[in-house]
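Down below is the structure, laid out as structure tokens.
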Amino acid sequence: MAELSNNTAHVEDRSINLTLVKKKKIAKNTFEVSFRIGKKKFPFIPGQYLHITLPSLIEHDPRGNARDFSIASSPNDKYLSIATRTSDSPFKKTLLMENLKAEIAGPFGVFTLPQDTSQTIIFIAGGIGITPFLSMLKFSTEEKIPRKIVLLYLNKDRESAAYINELEKLEKLNPNFTLRLLFTRLTPDNIIQEIEDVHNSLFFLSGPPGMIENTRSILANMSISQQMISIEEFSGLKEETYTSEITDNRSAEYKLLQRSLPDLEALLQALSNSAIVSETNAQGNITFANDMFVEISKYSREELIGQNHRILKSGLHSKALYENLWATISRGRIWRGLFKNKAKDGTYYWVDSSIAPILGKDGKPFKYISVRFLVTERQQAEEALRETIKQQNALAILSQEALANTNLLLLFDTATKLLKKTLNIDYAAVLKLLPGSKNLLYEAGTGLDFAVKGKTIVSAEENNSMAAYTLASKQPTIVKDITTESRFVGATILHDHNVRSGVCVAIQGSENPYGILQVYSTKKRDFTIGEISLIQSFANLLANAARNQLDKRKDEFLGVASHEIKTPLTSIKTFTQLLYKHAEKQKDEHSLLFLSKMDHQINKMTDLISDLLDISRINSGKIVYNDELFNINEIADEIISELQLTTKKHKIILEKNISRKIYGDKFRIGQVLTNLLTNAIKFSPGSDKIEVSTQEDDERVVVSVQDYGIGIPKNEQPHIFGRFYQGNGIRGKLFPGGLGLGLYISAEIIKRHNGEMWVESEEGKGSKFSFSLPHKK
Ligand code: ADP
């Protein structure tokens with residue numbers, strides 16, 4: 001009962017006299033009763049309830065002359081309105097009389113609209129439990145508070161639903177408010193359908209006990225933390241069955257109290273074994289502590305007795321919570337809620353706590369009994385689950401953005417904002433490593449007031465910076481407390497922003513790191529493994545996006561550059577041919593030799609450029625395929641006779657085993673075969689034959705090109721179809737003139753035809769490249 005420690009907070013006596021001025025029917029058996037507030041200002045809080053005392057009743061009421069009522073009006077209204085069911089109780093009959101004098105105290109209650117408007121508010125109301133929500137809705141709408149509110153309003157039927165017209169009007173006025181009328185029992189689906197992010201929502205429950213219990217268990221099954229749920233149980237419905245109410249109300253517990261003393265002792269024993277039980281006096285000082293209290297709090301009984309519950313305070317809960325607690329129990333009502341307490345050894349535990357006041361003859365509480373059940377594990381599991389869901393959400397959002405967004409800086413900005421929100425930190429930033437690796441440029445971030453995006457430069461020199469340390473260690477750097485950090489000093493900018501703790505991870509590039517992603521907090525903080533891995537996942541996603549963008553730029557460049565080169569090359573080729581003819585006429589043998597060599601080089605260059613053009617077309621999806629049925633044997637014959645002219649050493653042999661035609665782009669398939677043959681010739685300078693074969697079965701045709709040349713080492717074979725790959729070490733130098741694009745382009749063309757391409761090769765013995773194409777179905 002650290003909760004009772006704040007015993008200085010007591011309720012002010014706010015009693016004032018009011019005159020009833022208006023009553024109107026708002027639903028079946030339901031009236032709204034309004035009082036004139038007059039000049040005296042009433043301390044009004046939307047969502048709260050009043051304690052109304054009627055000084056004189058028309059006849060004696062066994063339940064007394066006071067009741068609680070939720071406020072239906074907004075603080076801006078002229079009248080203070082409450083809603084009530086009609087009943088034949090003397091209290092209600094008196095309340096509905098004209099010219100009534102009433103005395104009210106309050107406001108009380110757990111419902112207050114939080115300051116933070118980012119969380120969605122979910123009202124779940126049953127029957128007349130709508131009243132406090134109406135008040136909060138009116139207020140939010142009038143004050144134009146920009147927060148998302150969803151109201152699930154449960155009723156037997158439309159007639160029994162109070163304030164329907166008002167609510168529908170509010171829905172029209174307030175674009176952030178959604179009203180859902182439900183005429184069935186609440187189901188988890190109702191909640192999932194209406195609310196996007198249940199774990200970032202605050203739930204307010206108000207209604208009769210059965211509805212509250214059902215809703216509470218639905219929310220618990222959805223792993224929604226009790227901390228996110230505020231409840232006002234509304235017993236107003238019982239007024240309808242007023243005559244049987246008293247016996248009903250006392251039912252189970254009352255009967256138990258009629259039992260014998262040994263029974264009660266056994267009951268107490270059972271309770272004491274499973275719960276923390278304590279008693280305090282009216283000031284909140286402990287007068288009794290059971291064994292479990294001693295065990296869990298880790299204080300001895302002597303240390304506890306006489307102490308104020310303040311010693312158990314964890315510091316987590318707000319002053320308002322304690323005030324509310326005191327307002328409730330000092331007025332004789334039971335308070336229930338979740339508390340985080342601190343044990344003597346500094347560890348924390350969570351309790352589901354009920355505090356009941358014991359009233360003296362004067363009707364005022366003279367002591368309090370508290371029963372608390374330990375819920376630490378459940379609470380921690382819930383918290384962990386909520387965190388994980390939040391993190392997964394953030395990752396999903398970033399992935400979507402990465403797919404949709406081609407602007408890297410925007411993506412970086414989104415990433416830092418998402419991290420700030422998800423991890424609840426103060427700053428997040430992306431810094432790009434500049435050429436030379438000495439400096440980092442602040443590219444995107446959030447929270448850093450002294451840094452300018454695209455301008456601020458941070459040193460990445462050793463010793464000094466966390467970034468350099470991260471890049472060198474190739475692992476996330478976690479700073480628990482920068483004031484005691486010994487591995488590096490940290491850039492000035494961190495100190496300027498009062499950074500205390502942080503995490504820094506590298507954003508990998510294809511060769512060098514792209515830069516770093518950092519998050520910081522001005523409070524000392526231990527980042528969990530889950531949080532660190534989230535930051536790393538963010539960095540990986542960003543790295544991927546950066547690489548993709550770089551590839552895209554390269555492709556665009558290649559496309560433009562090769563196109564620009566192709567045009568002058570065509571004229572050079574024409575001039576060379578003209579000069580050749582001229583030299584022929586002049587019988588200038590010398591020039592003829594040079595010009596034919598020149599023509600050969602120009603052809604090679606044209607081939608290279610068309611490869612480059614192809615590659616940019618492949619990557620931008622701009623290659624156009626002209627598919628038709630064709631005979632692959634004919635194509636192979638043509639290509640072989642053409643290429644046979646280029647080599648005197650090799651005999652190219654074709655073995656045809658195909659009868660059916662295949663479907664595809666014959667020009668592109670020819671290009672693949674040409675590539676394989678050119679490679680086979682190029683990489684087998686010491687051999688004298690190359691074998692080409694075509695085979696088929698029911699499924700597909702297979703074309704293979706076998707050479708007896710230098711072969712490809714096993715470890716290189718997986719990379720051979722990659723872009724710009726030319727093999728390791730000296731081979732690239734021994735066989736100059738390529739770009740490492742031919743096989744990549746060939747494989748892409750075959751893939752586009754739904755075929756496959758592969759290599760079998762042994763170093764020093766030769767290679768066999770094959771591709772398959774499926775028959776058209
Ligand atoms: P390029 O021939 O222009 O370098 P390719 O994509 O056609 O590009 O080939 C990539 C690399 O694969 C070549 O540089 C070479 O190292 C290897 N390679 C391709 N074909 C053969 C072959 N028949 N025998 C040995 N190595 C080959």
Side-chain angles (χ1 to χ4, degrees), residues 551 554-555 558 561-562 565-566 600-619 623 636 639-640 642-644 646-647 649-655 668-694 702-752 755-772:
D551 282 351
K554 272 191 204 155
D555 289 342
L558 287 180
S562 39
I565 299 169
K566 209 176 172 176
H600 180 68
Q601 293 300 331
I602 291 171
N603 286 343
K604 266 175 104 177
M605 202 156 166
T606 316
D607 285 348
L608 284 183
I609 286 166
S610 58
D611 270 1
L612 284 175
L613 261 175
D614 275 353
I615 216 164
S616 73
R617 284 198 200 116
I618 284 175
N619 291 319
I623 283 200
I639 289 171
I640 289 171
E642 205 176 293
L643 286 177
Q644 186 63 72
T646 66
T647 169
K649 260 194 201 143
H650 304 89
K651 173 100 190 89
I652 308 175
I653 307 155
L654 173 63
E655 192 194 318
R668 291 290 175 187
I669 298 293
Q671 186 184 350
V672 174
L673 190 56
T674 310
N675 258 327
L676 296 184
L677 274 168
T678 334
N679 279 348
I681 296 168
K682 181 170 158 191
F683 295 107
S684 65
S687 86
D688 57 6
K689 68 170 175 193
I690 289 163
E691 292 158 357
V692 181
S693 78
T694 63
V702 175
V703 180
S704 305
V705 177
Q706 165 85 60
D707 69 54
Y708 298 93
I710 60 164
I712 303 161
K714 280 267 168 309
N715 62 337
E716 285 188 28
Q717 289 176 18
H719 309 291
I720 212 94
F721 299 103
R723 296 208 304 176
F724 301 106
Y725 188 83
Q726 290 195 286
N728 284 336
I730 50 164
R731 265 181 332 121
K733 295 194 181 85
L734 277 178
F735 299 93
L739 277 179
L741 287 177
L743 286 179
Y744 174 77
I745 294 172
S746 304
E748 286 299 314
I749 292 172
I750 296 301
K751 224 191 279 171
R752 154 60 181 64
E756 278 167 55
M757 191 158 188
W758 66 96
V759 62
E760 297 146 273
S761 178
E762 204 176 317
E763 210 177 349
K765 297 214 165 137
S767 314
K768 184 177 179 184
F769 281 87
S770 311
F771 63 87
S772 70

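Numbering of ligands and ligand atoms starts at 1, following listing order.
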- Message: Tell me if the CD atom of Gln601 is crowded by more than 12 foreign heavy atoms within 6.0 Å.
- Response: yes
- Message: Need the ligand 1 atom indices (1-based, order shown) with element for anything under 4.0 Å from a heavy-atom of Ile720.
- Response: 12 (O), 17 (C)
- Which heavy atom in Phe721 sits nearest to a heavy atom in Tyr744, and how many Å separate them? O-CD1, 3.3 Å
- Number the atoms of ligand 1 from 1 as they appear, then name those within less than 4.0 Å of a heavy atom of Lys682, with their elements. 2 (O)
- Message: Distance under 4.0 Å to a non-hydrogen atom of Leu741: what atoms of ligand 1 satisfy this?
- Response: 6 (O), 8 (O)
- Can you check whether Ile712's main-chain N or O pairs, donor with acceptor, with Gln717's side chain at less than 3.5 Å? yes
- Under 6.0 Å from the CD atom of Glu756, do we count more than 12 heavy atoms belonging to anything else shown? no
- Please confirm whether Phe769 comes under 4.0 Å of ligand 1, counting heavy atoms of the residue only. yes
- Message: Does any N or O of ligand 1 fall below 3.5 Å from an N or O anywhere on Gly742, backbone included?
- Response: yes
- Under 4.0 Å from a heavy atom of Gly740: give me the atoms of ligand 1 that qualify, with their elements. 1 (P), 3 (O), 4 (O), 6 (O), 8 (O)
- Examine distances only and state if a side-chain atom of Lys649 and a backbone atom of Pro685 form a donor-acceptor pair shorter than 3.5 Å. yes
- Message: Out of all atoms in ligand 1, which are within 4.0 Å of some heavy atom of Ser767? Include the element for each.
- Response: 22 (C), 24 (N), 25 (C)
- State which residues pass side chain to side chain donor-acceptor pair (under 3.5 Å) with Lys751; sequence neighbours excluded, sorted by chain then number. Glu748
- For Leu743, the atoms of ligand 1 under 4.0 Å from one of its heavy atoms are 5 (P), 6 (O), 7 (O), 9 (O), 12 (O), 19 (C)
- Message: Any nitrogen or oxygen of Asp707 lying under 3.5 Å from a nitrogen or oxygen in ligand 1? Just yes or no.
- Response: yes
- Note on the structure: Quick note on ligand 1: atoms under 4.0 Å from a heavy atom of Gly711 include exactly 25 (C)
- Message: My understanding is that only residues two or more places apart in sequence, or in another chain, count here; which of them pass side chain to side chain donor-acceptor pair (under 3.5 Å) with Thr674?
- Response: none
